Amino acid sequence: MNYFPDEVLEHIFDFVTSQRDRNSVSQVCKPWYKIESSSRQKVFVGNCYAISPERVIERFPGLKSITLKGKPHFADFNLVPPDWGGFVYPWIEAFARNNMGLEELKLKRMIISDECLELISRSFANFKSLVLVSCEGFSTDGLAAIASNCSFLRELDLQENDVEDHRGHWLSCFPDTCTSLVSLNFACLKGDVNLAALERLVARSPNLRSLRLNHAVPLDILQKILMRAPHLVDLGVGSYVHDPDSETYNKLVTALQKCKSVRSLSGFLEAAPQCLSAFHLICPNLTSLNLSYAPGIHGTELRKLIRHCRKLQRLWILDCIGDEGLEVVASSCKDLQEIRVFPSDPFVGNAAVTEVGLVALSSGCPKLHSILYFCQQMTNAALITVAKNRPNFTRFRLCILDPTKPDAVTNQPLDEGFGAIVHSCKGLRRLSMSGRLTDRVFLYIGMYAEQLEMISIAFAGDTDEGMQYLLNGCKKLRKLEIRDCPLAMQRF
Amino acid sequence: MSPEDGSKLLESDAASVSFKETELTLGLPGESRGLALIEKTSGKRGFSETVDLNLGRSSNVDSDHKKYSGESETDVQNMAKPPAAKAQVVGWPPVRAYRKNAMKGCKYVKVAVDGAPYLRKADLEMYNSYQQLLNALQDMFSCSNFTIRNYLNERAVTSQEVNNGVEYVPIYEDKDGDWMMLGDVPWKMFVESCKRLRLMKSSEAIGFAPRTPSKCSSSN
């Protein structure tokens with residue numbers, strides 16, 4: 001089987017980048033396994049307890065980049081006990097001990113301590129990228145260690161983490177010699193930051209392309225930062241609350257005029273709609289817009305903003321946009337591929353969008369293939385229309401705030417509606433359902449959802465027959481999330 | 001936000017353990033619901049049973065539920081009258097805790113009024129100024145006749161207000177545990193640091209020096 005020298009094979013394997021493909025390559029034969037494993041630089045571990053760090057190190061000695069996921073998805077919704085686990089320290093300690101040349105670390109739903117961050121900063125001389133998503137267990141002290149010691153840091157990306165904020169000086173810890181930053185995201189930090197240090201850091205980072213600020217960065221500082229970083233591609237506005245005086249506003253407009261490269265916009269934490277028109281300048285070039293943390297932006301101001309976003313591909317928004325606002329999206333954003341509509345009031349349980357908005361989107365956006373939709377109600381008729389309009393859905397996640405609510409018009413279960421979705425959308429890979437559902441919907445899913453890889457079910461079905469339809473039918477199913485469904489577990 | 005982790009069937013591990021022992025029963029203490037449910041072939045744990053106990057049972061059980069709820073029908077009927085707000089199901093809607101907290105943005109603090117038998121709660125995020133807060137507090141306790149001493153505007157208390165009832169001084173406990181007078185720091189700073197509010201009877205406010213000479217009310 002081995003007609004080529006190892007170096008040639010290795011070179012060929014370099015072109016194989018996806019994890020799945022590399023895994024396949026390694027299973028062809030022993031020599032390929034050896035070569036692939038020794039040359040692998042990136043590893044993805046979907047469950048941090050599925051394999052030991054020692055085993056990973058042994059198999060992939062050239063490892064430079066690792067992604068680790070800890071707690072299951074349901075942990076996001078408080079459905080997993082808090083002491084479940086997902087500690088990254090054993091991994092880092094093992095990597096350090098074995099002198100691994102770790103450069104990139106991405107963690108999701110894991111627990112990482114300040115000690116661990118300190119260990120990372122001291123153990124890996126070429127460490128370049130730290131991405132933490134929905135993690136906890138650390139404070140700004142840990143960030144200070146990373147800033148101080150990682151001389152070649154390119155990326156520090158903190159997404160929706162629970163960080164203990166010691167109001168630090170962590171930003172000031174980036175030495176003057178650190179000029180390598182490409183991406184800095186601290187939007188989730190609750191405390192103040194040293195604004196002068198932030199400005200200086202931006203000024204000495206010519207490669208900075210992505211910057212997401214937290215709520216503590218006010219408008220006048222934003223304007224100064226934008227003047228220093230006109231090449232930004234991704235911008236997360238921090239606070240946007242106060243009525244700026246006309247001078248600050250004019251300066252902001254000038255700064256935004258220079259930012260011709262911004263393609264992704266987010267933030268507006270604590271926003272008031274005044275002066276949003278300054279951002280109309282960059283809307284026409286936006287491909288990604290995330291206003292899901294900006295409840296202050298709604299109504300006419302929001303619709304005006306959306307109308308300028310003709311090239312939008314990805315939109316994350318709150319349900320206060322309303323069905324009317326979604327109709328504006330449908331008529332303005334013809335390139336839209338992914339939309340997520342979050343509930344602005346998850347505690348009270350009233351959503352401001354209904355099946356009307358969903359139908360409008362399906363009809364107006366021909367490229368739409370991925371949706372997450374929190375809504376007040378749904379009907380079979382609407383779902384059937386959506387299925388007909390948009391057979392190209394690959395991800396369809398519907399969350400009715402009242403999880404067992406039937407068809408709002410006929411009071412029937414929503415089996416037929418979801419059945420139409422799986423029947424029409426032949427490429428559907430991910431599905432989340434809600435509303436009143438019987439075993440019948442699982443019959444449909446088992447029959448039609450051939451490409452389905454992940455499904456989330458809650459309060460659905462009557463008997464374990466439903467589950468049998470599902471498991472017998474969906475051959476490609478990899479992930480099943482289920483809660484509060486009547487199943488006789490013994491049969492399982 | 002598209003998690004693709006290795007989450008498996010959460011309840012599959014239960015198969016190896018006695019199911020009865022590990023089954024979550026969200027019923028009231030003393031009710032042995034678990035056993036009865038398993039014996040039903042089509043036992044569906046009614047939606048009502050998964051409702052967070054803190055807020056009482058769900059009021060949204062419509063008549064169709066009764067078909068499915070079976071054994072829990074009687075529980076539905078025995079439910080206390082639901083509170084005005086919808087009761088909450090654990091982990092529903094499936095919104096990340098981080099996002100929920102961000103949207104909450106609310107700063108509920110307890111408000112105690114000297115002499116009142118129970119406390120109230122006020123969301124400081126709802127107001128933009130001290131004046132608005134004081135107006136709201138006045139509304140909240142409108143059943144009792146009283147005025148809140150408004151040192152902010154150095155408004156002299158009119159004799160009519162004084163005659164109408166007891167005069168109170170608004171104070172708050174800050175993060176350090178000290179009791180402070182309202183109005184000294186900017187509003188936003190106050191919202192950040194305020195842990196609880198108290199309307200103290202003027203007659204007790206010996207330590208606080210009013211800017212204007214106070215007209216003592218006949219509070220006793």
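So you know, we letter chains A, B, ... as the sequences are listed, proteins then strands, and number each from 1. Keep in mind it's a predicted model, so treat the numbers as computed, not measured.
The minimum heavy-atom distance linking A:A187 with B:Y98 is given by the pair O-OH, 4.2 Å. Minimum heavy-atom separation, A:L401 to B:P93: CD2-CB, 3.6 Å.
Only the backbone of A:I400 has a heavy atom closer than 4.5 Å to any heavy atom of chain B. Only the side chain of A:A458 comes within less than 4.5 Å of a heavy atom of chain B; its backbone N, CA, C and O stay farther away. At a 4.5 Å heavy-atom cutoff, A:C48 makes no contact with chain B through either its backbone or its side chain.
Each of B:A97, B:P94, B:G91 has some count of heavy-atom pairs under 4.5 Å with chain A, and the biggest count is that of B:P94.
Taking CH2 of B:W92 as the reference point, atom CG of A:N78 lies at 14.0 Å (rounded to 0.5 Å). In this structure, NZ on B:K100 lies 9.0 Å from CZ on A:F77, to the nearest 0.5 angstrom.
Side-chain contact between A:F374 and B:V95 is present, with at least one heavy-atom pair separated by less than 4.5 Å. In this structure the side chain of B:R99 reaches within 4.5 angstrom of the side chain of A:S292, judged on heavy atoms.
With a 6.0 Å radius and a threshold of 12 heavy atoms from other residues, nucleotides or ligands, A:K106 has its NZ atom at or below the threshold.
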